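Since the structure is predicted, the reported quantities are computational estimates derived from the model, not experimental observations.
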Amino acid sequence: MAQSFGVDAERYDRARPPYPDALVDRILATSPGRDVLDVGAGTGIEARQFRAAGCTVLGIEPDERMAAFARRGRVEVEVARFEDWQPAGRQFDAVVAGTAWHWVDPFAGSAKAAQVLRPGGLLAPFHHVPQLPEAVADALAEAHRRVAPDSPVDLGAVKGPSLDAAQPLFARIADGIRRTGRFSEPDQWHFVWERTYTREQWLDQLPTFGALTGLAADELADVLDGVGAVIDALGGAVTVPYTTVAVTSIRSDRP
């Protein structure tokens, strides 16, 4: 699934939301400089944001299709799994990852980050955590179960606030950082915002979700029809509250 997103890189780049400017600003205010390594750079969404803020950015991305799209936006990208990537002595002021660190081994990734960060450098993987309206979430889960009953992903398995459901992921990230013995105690930064999507905009984004990227065309159409009907009943648009969460830590060991 980690390398399925490149099936429609253009849609991914168009439909996925960018990250809050306040997150970019805080990362740059905390890191010792503006040399940024972007892990799981995808199509370059966050890389372009950091570059616009005056950073030099190198992306690492395992999917050549996503990397090729990012390069079209003048983002420098090397194709590799981060755990396997060879830095060749290069060092950075910040290592970031936009909704991608869950695909990285939390210990091996943190150890690699410690290797490439300058002393005082910042490790900051961050993730969007959306809170879908209950009717939309239920329609998505029901349609997905119907078309993909054997899927290992159950979109309806977790009920309750999405931020609570995401905490085990953030705990794994923090534990991986601690295990290296090379970073300060991890912190969490939260950035709360919301976006209103038209029916068309939300259905454009849905096929970029990992649980849906592998569906056959007729199965995906079934899911989109079911979710679209619910959005129609809500008036043709849906407002999605987001919390963007960064797990941050500073390289604190001596070189």
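- Within the 3.5 Å criterion, the main-chain N or O of V240 finds no donor-acceptor partner in the side chain of E194.
- Here the side chain of K112 pairs a donor or acceptor atom with the backbone of W85 at under 3.5 angstrom.
- Ionic pairing of R81 and D63 is not present here: no N-O contact between side-chain nitrogen and carboxylate oxygen is shorter than 4.0 angstrom.
- Note on F107: it does not cluster hydrophobically with I177, by side-chain heavy-atom contacts below 4.5 Å among ILVMFWY residues.
- Side chain of E83 to backbone of V104: no donor-acceptor contact under 3.5 angstrom is found.
- In terms of heavy-atom proximity, P186 sits nearest to A174 at CG-O, 3.7 Å.
- In R90, the CZ atom is crowded: over 12 heavy atoms of neighbouring residues, nucleotides or ligands sit closer than 6.0 Å.
- Within the hydrophobic cluster formed by Ile, Leu, Val, Met, Phe, Trp and Tyr side chains joined at under 4.5 Å, directly or through other members, V77 is accompanied by V75.
- Under a 3.5 Å cut-off, the side chain of R182 and the backbone N or O of S252 do not form any donor-acceptor pair.
- Side-chain N/O atoms of Q205 and Y197 include a donor and acceptor closer than 3.5 Å.
- Here the closest non-hydrogen pair linking P130 and Y242 is CB-CE2, 3.6 Å.
- Looking at S184, its side chain does come within 3.5 Å of a backbone N or O of I250 through a donor-acceptor pair.
- If you chain together hydrophobic residues whose side chains sit under 4.5 Å apart, V247 and V129 fall into the same group.
- Between the side chain of H128 and the backbone N or O of P18, at least one donor-acceptor pair lies under 3.5 Å.
- Residues A94 and S31 come closest through the heavy atom pair CB-CB, 4.1 Å.
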### Query
Under the side-chain contact (heavy atoms from CB on, under 4.5 Å) criterion, do F170 and R172 qualify, and how do the steps go?
CA-CA 5 Å; F170 303 138; R172 288 194 298 274; over 6 Å; no
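- Between the side chain of R48 and the backbone N or O of T43, at least one donor-acceptor pair lies under 3.5 Å.
- Residues I45 and P17 approach most closely at CG2-O, 4.2 Å, considering heavy atoms.
- Cation-pi check for R251 over F183 is not met; the charged atom does not lie both under 6.0 angstrom from the ring centroid and within 45 degrees of its normal.
- F92 has its side chain out of reach of T56: every pair of non-hydrogen atoms, C-beta onward, lies at least 4.5 Å apart.
- Contact of the L122 side chain with the T248 side chain is registered, since non-hydrogen atoms from C-beta on lie closer than 4.5 Å.
- The pair R11-D204 counts as a salt bridge, with a side-chain nitrogen and a carboxylate oxygen less than 4.0 angstrom apart.
- Between E46 and R51 no salt bridge is recorded (no basic side-chain N to carboxylate O distance below 4.0 Å).
- Side-chain atoms of E78 never come within 3.5 Å of backbone atoms of L58 as a donor-acceptor pair (strictly under, hydrogens ignored).
- Side-chain contact check for E142 and H144: no donor-acceptor pair (N or O, by modelled atom type) lies under 3.5 Å.
- A salt bridge does not link E10 with R65: every distance from a Lys NZ or Arg NE/NH1/NH2 to an Asp or Glu carboxylate oxygen is 4.0 Å or more.
- Using a 4.5 Å heavy-atom cutoff, the side chains of W202 and T196 are not in contact.
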### Message
Working note: R16 + T208, criterion side-chain contact (heavy atoms from CB on, under 4.5 Å); need CA distance, chi angles, decisive distance, verdict.
### Response
CA-CA 8 Å; R16 286 289 184 115; T208 73; 2.8 Å; yes
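- A pairwise comparison of heavy atoms in P62 and V79 identifies O-CG1, 3.7 Å as the closest pair.
- Using a 4.5 Å heavy-atom cutoff, the side chains of S110 and L123 are in contact.
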### Message
Between R178 and E185, is the salt bridge (charged side-chain N to carboxylate O under 4.0 Å, His left out) condition met? List the steps.
### Response
CA-CA 7 Å; R178 291 188 192 98; E185 176 62 18; 2.8 Å; yes
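- Here the side chains of C55 and L28 are in contact, with some heavy-atom distance below 4.5 Å.
- Between the side chain of Q167 and the backbone N or O of D164, no donor-acceptor pair lies under 3.5 Å.
- Side-chain contact between L203 and L206 is present, with at least one heavy-atom pair separated by less than 4.5 Å.
- Among all heavy-atom pairs drawn from T244 and P20, the shortest one is OG1-CD, 3.6 Å.
- Remark: side-chain polar atoms of Q131 are paired, donor with acceptor, to backbone N or O of S162 under 3.5 angstrom.
- The closest side-chain heavy-atom distance from V245 to Q188 is below 4.5 Å.
- Counting only heavy atoms from C-beta outward, the side chains of F50 and V96 approach each other to under 4.5 Å.
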Quick one: side chains of residues 217-233, donor-acceptor pairs under 3.5 Å with protein atoms, not counting sequence neighbours, listed by atom name and distance.
{"from": "E219", "atom 1": "OE1", "to": "A216", "atom 2": "N", "distance (Å)": "3.0"}
{"from": "D222", "atom 1": "OD1", "to": "R146", "atom 2": "NH2", "distance (Å)": "2.8"}
{"from": "D232", "atom 1": "OD1", "to": "R199", "atom 2": "NE", "distance (Å)": "3.0"}
{"from": "D232", "atom 1": "OD2", "to": "R199", "atom 2": "NE", "distance (Å)": "3.2"}

